[in-house]
Amino acid sequence: MSIHIASTTAPVNIATLKYWGKRDADLNLPTNSSISVTLSQDDLRTLTSVATSESFNKDTLWINGKEESLDSKRTQDCLKDLRSLREEMEVNDKSLPRFSQWKLHIVSENNFPTAAGLASSAAGFAALVVAIAKLYQLPQSMSELSKIARKGSGSACRSLFGGYVAWEMGQLANGEDSMAVPVASMDEWPEMKAAILVVSDVKKDTPSTQGMQLTVHTSDLFKERINNVVPRRFEEMKTAIRNKNFKEFAELTMKDSNSFHATCLDSYPPIFYMNDTSKKIIRLIHSINEFFGEVIVAYTFDAGPNAVLYYLEKDEAKIFAFIYTLLKKVEGWANKYTEPELQSFEKLFVEYKDKITFQMDSELYEGINRVILTKVGSGPQSTNECLIDESTGSPK
Ligand SMILES: Nc1ncnc2c1ncn2[C@@H]1O[C@H](COP(=O)(O)OP(=O)(O)OP(=O)(O)O)[C@@H](O)[C@H]1O
Ligand SMILES: C[C@@](O)(CCOP(=O)(O)OP(=O)(O)O)CC(=O)O
């Protein structure tokens with residue numbers, strides 16, 4: 001039996017200008033444009049292998065070694081779009097094998113917890129779409145493919161590019177102009193680092209889709225956000241990124257996270273994604289910026305309590321003097337830094353100690369499970385690493 005296989009990796013992205021609200025829930029068309037930073041696949045990535053063969057008898061998906069349903073409408077929509085693009089090619093070139101008619105085996109692994117508010121659906125759908133597009137040898141651009149990934153999960157469309165990415169909301173009812181486009185490549189601003197403080201890796205309470213719809217239907221604040229606040233910030237943030245203006249980028253990022261969570265609180269009944277630990281982190285970040293008299297670190301929170309901190313490489317030691325000293329008991333430092341490097345963060349803290357006027361919460365670490373230290377990264381990468389057995393078409 002002849003089996004055709006392709007594999008790709010795809011990254012996680014964390015929005016700095018949040019997507020929250022759909023104008024069309026079927027097509028995942030947003031009520032506002034958004035911006036994100038793609039994170040390095042050295043630390044967070046999905047690897048997906050796809051295979052097709054005339055001999056397969058049903059579409060099957062395995063995530064992290066477990067068979068998962070492919071029945072969701074979102075996944076079906078992605079498969080349908082990809083098959084119809086392949087079919088167009090087959091109609092024009094009769095010599096091509098009829099992949100569009102054959103079943104698919106999809107095998108995927110996330111190297112981070114699934115459904116923990118770590119954007120697993122974004123990396124997952126981006127990898128699925130790019131891997132199948134590669135198998136089918138589709139000529140479409142990443143922006144074109146991002147429209148298919150968008151139907152899987154809105155934020156997934158931004159994971160088709162590395163660096164700094166915008167999702168332009170578009171105006172058309174069929175979503176043909178709602179796609180991801182690059183704002184700047186990772187090489188244009190490579191100094192951006194990210195620290196994820198994993199506050200909780202349990203499954204979140206209100207799924208994003210449900211939360212968004214409640215906000216759209218019940219929050220008055222939301223109208224101001226989508227009509228005035230976000231359109232202005234969308235332009236300002238793109239400019240800040242292109243000018244490598246960290247202060248502006250960081251302030252917009254923090255304000256937008258707060259604005260999004262304010263619309264959640266303004267929903268009825270209210271939605272709370274941040275917990276007490278999240279709030280303590282917000283206060284700590286403002287205190288650190290005040291201590292240094294400049295904005296050197298920003299926080300942002302998605303639909304869950306985990307914090308993502310953005311900062312520039314040059315300021316890392318200053319920031320970690322505080323963060324490492326407070327969170328040294330938490331897992332995740334040792335795989336990035338040597339013992340002498342970690343000690344240097346603590347030594348720096350000792351230098352600062354007498355000048356600190358704010359309250360340091362020595363119990364903060366208790367609410368945090370681990371830290372993931374990463375940076376801006378590249379888009380999906382084709383790979384020879386393969387999760388499918390070439391002779392059977394089953395997961396290895
Ligand atoms: N590797 C993958 N391949 C295909 N689909 C995946 C993959 N990983 C996750 N998913 C899909 O994404 C779902 C998890 O999405 P969910 O939105 O609940 O969590 P999240 O993406 O971690 O959170 P958020 O999007 O709010 O940051 C899974 O149930 C699965 O359907
Ligand atoms: C808060 C967010 O992370 C919401 C992401 O929502 P999803 O992309 O997970 O929602 P669906 O389109 O329903 O799959 C903000 C963002 O990533 O822009």
Side-chain angles (χ1 to χ4, degrees), residues 8-39 44-50 61-66 68-75 77-79 106-132 149-159 165-167 169 178 180 196 198 200-213 215-216 230 234 253 256-257 259-261 263-264 271 273-274 300-306 308 387:
T8 189
T9 65
V12 160
N13 73 78
I14 299 291
T16 50
L17 192 63
K18 303 296 186 193
Y19 149 50
W20 196 252
K22 300 178 200 237
R23 63 177 200 278
D24 181 324
D26 262 353
L27 295 171
N28 273 344
L29 298 179
T31 47
N32 64 262
S33 296
S34 56
I35 296 180
S36 59
V37 177
T38 295
L39 301 184
L44 300 165
R45 61 117 187 87
T46 293
L47 166 63
T48 297
S49 296
V50 291
L61 166 70
W62 292 265
I63 301 177
N64 293 339
K66 214 173 127 244
E68 299 274 343
S69 164
L70 268 173
D71 295 343
S72 80
K73 183 182 172 300
R74 292 159 160 232
T75 317
D77 285 350
C78 292
L79 298 183
I106 305 163
V107 185
S108 187
E109 270 179 19
N110 301 332
N111 67 349
F112 55 89
T114 301
L118 285 179
S120 63
S121 57
F125 278 107
L128 181 133
V129 168
V130 173
I132 298 175
R150 187 203 74 221
K151 295 185 189 175
S153 176
S155 54
C157 74
R158 298 184 310 239
S159 277
V165 187
W167 171 9
M169 63 178 286
S178 184
I196 306 174
V198 183
S200 151
D201 51 13
V202 292
K203 230 171 143 55
K204 64 191 174 208
D205 276 355
T206 312
S208 319
T209 308
Q210 206 180 312
M212 284 183 202
Q213 292 316 82
T215 306
V216 169
V230 181
F234 186 62
T253 296
D256 199 70
S257 174
S259 154
F260 147 51
H261 288 278
T263 66
C264 290
I271 312 164
Y273 286 121
M274 294 193 286
T300 186
F301 296 81
D302 278 348
N306 300 333
V308 178
L387 299 170

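Every number for a ligand or one of its atoms is a count from 1 in the order of the listing.
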Consider every N or O of [X] and every N or O of ligand 2, then say whether any pair is closer than 3.5 Å.
X: Arg158; value: yes
X: Ser155; value: yes
X: Ser34; value: no
X: Tyr19; value: yes
X: Leu17; value: no

Would a distance-only check, ignoring hydrogens and angles, find a side-chain to backbone donor-acceptor pair under 3.5 Å from [X] to [Y]?
X: Arg23; Y: Pro30; result: yes
X: His261; Y: Phe301; result: yes
X: Ser257; Y: Thr253; result: no

**Message:** Below 3.5 Å, N or O to N or O, backbone or side chain included: is there any such pair between Ser155 and ligand 1?
**Reply:** no

**Message:** Is there a polar contact, in the sense of an N or O pair closer than 3.5 Å, between Asn110 and ligand 1?
**Reply:** yes

[atom1]/[X] to [atom2]/[Y] distance, rounded to the nearest 0.5 angstrom?
X: Met169; Y: Leu29; atom1: CE; atom2: CG; answer: 8.5 Å
X: Asn64; Y: Ser108; atom1: CG; atom2: OG; answer: 7.0 Å
X: Met212; Y: Thr31; atom1: CE; atom2: OG1; answer: 8.0 Å
X: Leu128; Y: Leu70; atom1: CG; atom2: CG; answer: 8.0 Å

**Item:** Any residue meeting ring-ring contact (aromatic ring centres under 6.0 Å, His included) with Trp20, in chain and number order, not counting sequence neighbours
**Value:** Phe260, Tyr273

**Message:** According to side-chain hydrogen bond (donor to acceptor under 3.5 Å, both in side chains), who are the partners of Lys18, at least two apart in sequence or on a separate chain?
**Reply:** Thr300, Asp302

**Fill in**
Result for side-chain contact (heavy atoms from CB on, under 4.5 Å) between Arg158 and one of Val12, Asn13, Ile35, Ile14 points to Asn13

**Complete:** Going by the 4.0 angstrom heavy-atom rule, the piece of Ala15 near ligand 2 is side chain

**Request:** Please work out whether any backbone atom (N, CA, C, O) or any side-chain heavy atom from C-beta onward of Ser208 is under 4.0 Å from ligand 2, and answer side chain, backbone, both or neither.
**Result:** side chain

**Message:** If we only consider heavy atoms of Ala303, is any one of them less than 4.0 Å away from an atom in ligand 2?
**Reply:** yes

**Message:** Less than 4.0 Å is my threshold; does some heavy atom of Arg150 fall inside it relative to ligand 2?
**Reply:** no

**Asked** Leu79 versus Ile132: any side-chain heavy-atom pair under 4.5 Å?
**Response** yes

**Asked** Nearest heavy atom to atom 4 (C) of ligand 1: which of Thr46, Ile63, Leu47, Ile14 does it belong to?
**Response** Ile63

**Request:** Could you check Ser33, Ser34, Ser155, Ser178 and say which one makes a side-chain hydrogen bond (donor to acceptor under 3.5 Å, both in side chains) with Trp167?
**Result:** Ser178

**Item:** Under-4.0 Å heavy-atom contact with ligand 1, by part of Leu61 that carries it
**Value:** neither

**Request:** Of the side chain and backbone of Ser108, name the one, both, or neither that has a heavy atom under 4.0 Å from an atom of ligand 1.
**Result:** side chain

Give the atom numbers and elements of ligand 2 that come within less than 4.0 Å of a heavy atom of [X].
X: Lys22; value: 11 (P), 12 (O), 13 (O)
X: Phe260; value: 1 (C)
X: Arg74; value: 11 (P), 13 (O), 14 (O)
X: Asn28; value: 12 (O)

**Fill in**
Per-atom filter on ligand 1: closer than 4.0 angstrom to a heavy atom of Ser208 are 26 (O)

